[in-house]
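For reference, the structure is listed below as structure tokens.
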Amino acid sequence: MTFYEEYLMPMIRKTCDEIEQTPQMQEILHGTMSLEKFRFQIRHNYQYLLEYTRCWAVGLSKCRGFDEMYDWYQILSSTMEGTVLHNRDFWAQQLGVSLDELEATIMAEGKRSYTSHQLARAMEGGLPECMMALFPCNILYRFFGDDLLPQCALPKENLYYQWLEFYTLPAYRAKCDNEIRMVNALCEKMAPRDRARLLEIFAESCNYEFLQWRDMYYQMETWPLPELFSPKFTTIPQ
């Protein structure tokens, strides 16, 4: 078996099974979630995705040679041009969230902690460490789509059906397949101690994913003292 099949698949499957049973995901599946909660999810995920894109850029900066650089560039460009812009354009329009509102969102504590973990692993490690920190965010959503879309009885024009469907589209599946190939190339020949380190990083990211679904999204958690924040600095003209 490959590194992905032997070591990561059991962790992915466990994480997906837990997240798919959370009230947040169940309400998306059945179309019962309030638009207020879904807007909260989209706004904070948009801010997360900007940081997530920067983390892939850190990995790109550590590549050696054209082939490695091209692999990481493809992920970086698909994250910015696909996922970020999909949230910025399609979801913002569908939910009536202005670009000003997206940009003004202060990233919630759960997202900030998650991206800090990802950025730290990318900065301190090599390409395998960076990949293990970032890969869960993409591969878990592919499984959400594959698992839940067949169960979704909502009309195809429903917002929540469309959210699930995005993660089953050919372009998204191809993106994940490419990352699986890269994971195996980077990690298969690791010594036991190094492999354990990579699996620890992957497990941390899986746990961050679960925490945001179980707590942050559903409870709309931000910071304990949100009144301390001034308007987001990126909204202030230079």
Side-chain angles (χ1 to χ4, degrees), residues 1-22 24-25 44-45 48-63 68 71-72 74-76 78-79 83 107-148 167 172-217:
M1 288 193 295
T2 64
F3 182 90
Y4 170 78
E5 293 169 330
E6 183 174 1
Y7 297 106
L8 301 189
M9 270 294 298
M11 299 165 73
I12 292 167
R13 189 67 268 166
K14 172 64 175 176
T15 306
C16 286
D17 290 346
E18 295 293 334
I19 291 176
E20 288 169 9
Q21 294 306 311
T22 61
Q24 181 82 1
M25 189 66 86
H44 287 272
N45 198 50
Y48 162 83
L49 287 168
L50 294 178
E51 295 292 303
Y52 184 65
T53 305
R54 293 188 182 98
C55 293
W56 284 114
V58 172
L60 176 62
S61 74
K62 298 188 175 190
C63 291
E68 273 189 353
D71 275 343
W72 285 75
Q74 285 183 302
I75 301 176
L76 178 62
S78 70
T79 303
T83 314
M107 190 191 302
E109 184 275 334
K111 290 289 194 183
R112 175 59 67 193
S113 180
Y114 187 12
T115 57
S116 295
H117 154 69
Q118 291 174 316
L119 183 59
R121 303 295 81 77
M123 294 290 290
E124 72 186 11
L127 295 182
E129 288 81 6
C130 185
M131 179 62 80
M132 287 299 98
L134 300 176
F135 183 49
C137 179
N138 283 337
I139 194 64
L140 290 175
Y141 283 73
R142 171 172 166 173
F143 277 78
F144 296 156
D146 288 347
D147 291 346
L148 297 178
Y167 300 108
Y172 194 84
R173 296 185 66 83
K175 171 182 178 178
C176 291
D177 286 341
N178 187 49
E179 289 176 24
I180 291 169
R181 175 187 62 79
M182 292 169 65
V183 163
N184 288 328
L186 287 166
C187 304
E188 277 195 311
K189 296 182 180 179
M190 288 287 176
R193 182 181 177 90
D194 295 330
R195 180 172 64 240
R197 172 61 177 152
L198 296 181
L199 296 178
E200 181 179 313
I201 294 170
F202 191 83
E204 289 167 347
S205 286
C206 287
N207 272 278
Y208 273 118
E209 288 284 344
F210 173 67
L211 286 171
Q212 68 184 3
W213 280 94
R214 188 192 68 180
D215 300 327
M216 193 200 92
Y217 287 152

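In this text, all values refer to a predicted model and were calculated from it rather than measured experimentally.
Atom CH2 of residue W56 and atom OG1 of residue T79 lie 6.5 Å apart, to the nearest 0.5 angstrom. To the nearest 0.5 Å, atom CG of residue D147 and atom CE of residue M25 are 9.5 Å apart. In this structure, F3 CZ and L198 CG are separated by 5.5 Å, a value rounded to the nearest 0.5 Å. Interatomic distance, Q24 CD to D215 CG, rounded to the nearest 0.5 Å: 11.0 Å. Annotation: the span from M9 atom CE to T2 atom OG1 amounts to 9.5 Å, rounded to 0.5 Å. Here R142 contributes atom CZ and C16 contributes atom SG; the two are 11.5 Å apart, rounded to the nearest 0.5 Å.
Here the closest heavy-atom approach between residue T53 and residue L76 is recorded as O-CD1, 3.3 Å. Minimum interatomic distance between A122 and V58 (heavy atoms only, all atoms of both residues): O-CG1, 3.6 Å. Considering every non-hydrogen atom in both C137 and Y141, the closest pair reads O-CD1, 2.9 Å. Taking each heavy atom of C130 and G59 in turn, the nearest pair found is SG-CA, 4.0 Å. In terms of heavy atoms, T15 sits closest to C206 at OG1-CB, 3.4 Å. Looking at every heavy atom in both residues, N138 comes nearest to Y172 through O-OH, 2.7 Å.
Side-chain N or O atoms of K111 include none that pairs as donor or acceptor with a backbone N or O of M216 at under 3.5 Å. The backbone N or O of F202 sits nowhere less than 3.5 Å from a side-chain atom of S205 that would complete a donor-acceptor pair. When atom types are taken as modelled, the side chain of N207 and the backbone of A203 share a donor-acceptor pair closer than 3.5 angstrom.
For the side-chain hydrogen bond (donor to acceptor under 3.5 Å, both in side chains) test, no residue two or more places apart in sequence or in another chain qualifies with S78. Applying the salt bridge (charged side-chain N to carboxylate O under 4.0 Å, His left out) rule to E109 yields no partners; only residues at least two apart in sequence or on another chain are considered. Evaluation of the side chain to side chain contact (heavy atoms under 4.5 Å, CB included) rule for R197 yields R121, E124, E200, I201 as partners, not counting sequence neighbours. For D17, the salt bridge (charged side-chain N to carboxylate O under 4.0 Å, His left out) test picks out R13, with sequence neighbours left out. Scanning for side chain to side chain contact (heavy atoms under 4.5 Å, CB included) contacts around T115 gives Y48, E51, M107, R112, Q118, with sequence neighbours left out. By the side-chain hydrogen bond (donor to acceptor under 3.5 Å, both in side chains) test, E20 is found to be paired with no residue, residues two or more places apart in sequence or in another chain being considered.
Checked against E179 for a side-chain contact (heavy atoms from CB on, under 4.5 Å), the options L134, I75, N184 give a single hit: I75.
Side chains of Y52 and L49 form a contact here, defined as non-hydrogen atoms less than 4.5 Å apart. When side chains are defined from C-beta on, R181 counts as touching D71, because their heavy atoms get closer than 4.5 Å. Taking the side chain as every heavy atom from C-beta outward, L127 and W72 approach each other to under 4.5 Å. Proximity of R195 to P192: side-chain heavy atoms (C-beta onward) are separated by under 4.5 Å at one or more points. Considering only heavy atoms from C-beta on, L8 comes within 4.5 Å of M132 through its side chain. Side chains of L211 and Y114 form no contact here, defined as non-hydrogen atoms less than 4.5 Å apart.
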Item to check | Verdict with supporting geometry, T22 and Y217, side-chain contact (heavy atoms from CB on, under 4.5 Å) | outcome: CA-CA 10 Å; T22 61; Y217 287 152; over 6 Å; no
Checklist entry - Can you check side-chain contact (heavy atoms from CB on, under 4.5 Å) on T83 and K175, steps first, answer last? => result CA-CA 11 Å; T83 314; K175 171 182 178 178; 3.4 Å; yes
Next on the checklist: Walk me through whether R173 and D146 qualify under side-chain contact (heavy atoms from CB on, under 4.5 Å).
Outcome noted: CA-CA 10 Å; R173 296 185 66 83; D146 288 347; 2.8 Å; yes
Item to check | Chi angles and distances behind the side-chain contact (heavy atoms from CB on, under 4.5 Å) call for L199, M190 | outcome: CA-CA 11 Å; L199 296 178; M190 288 287 176; over 6 Å; no
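Side chains of E18 and Q21: a donor-acceptor N/O pair is absent below 3.5 angstrom, by distance only.
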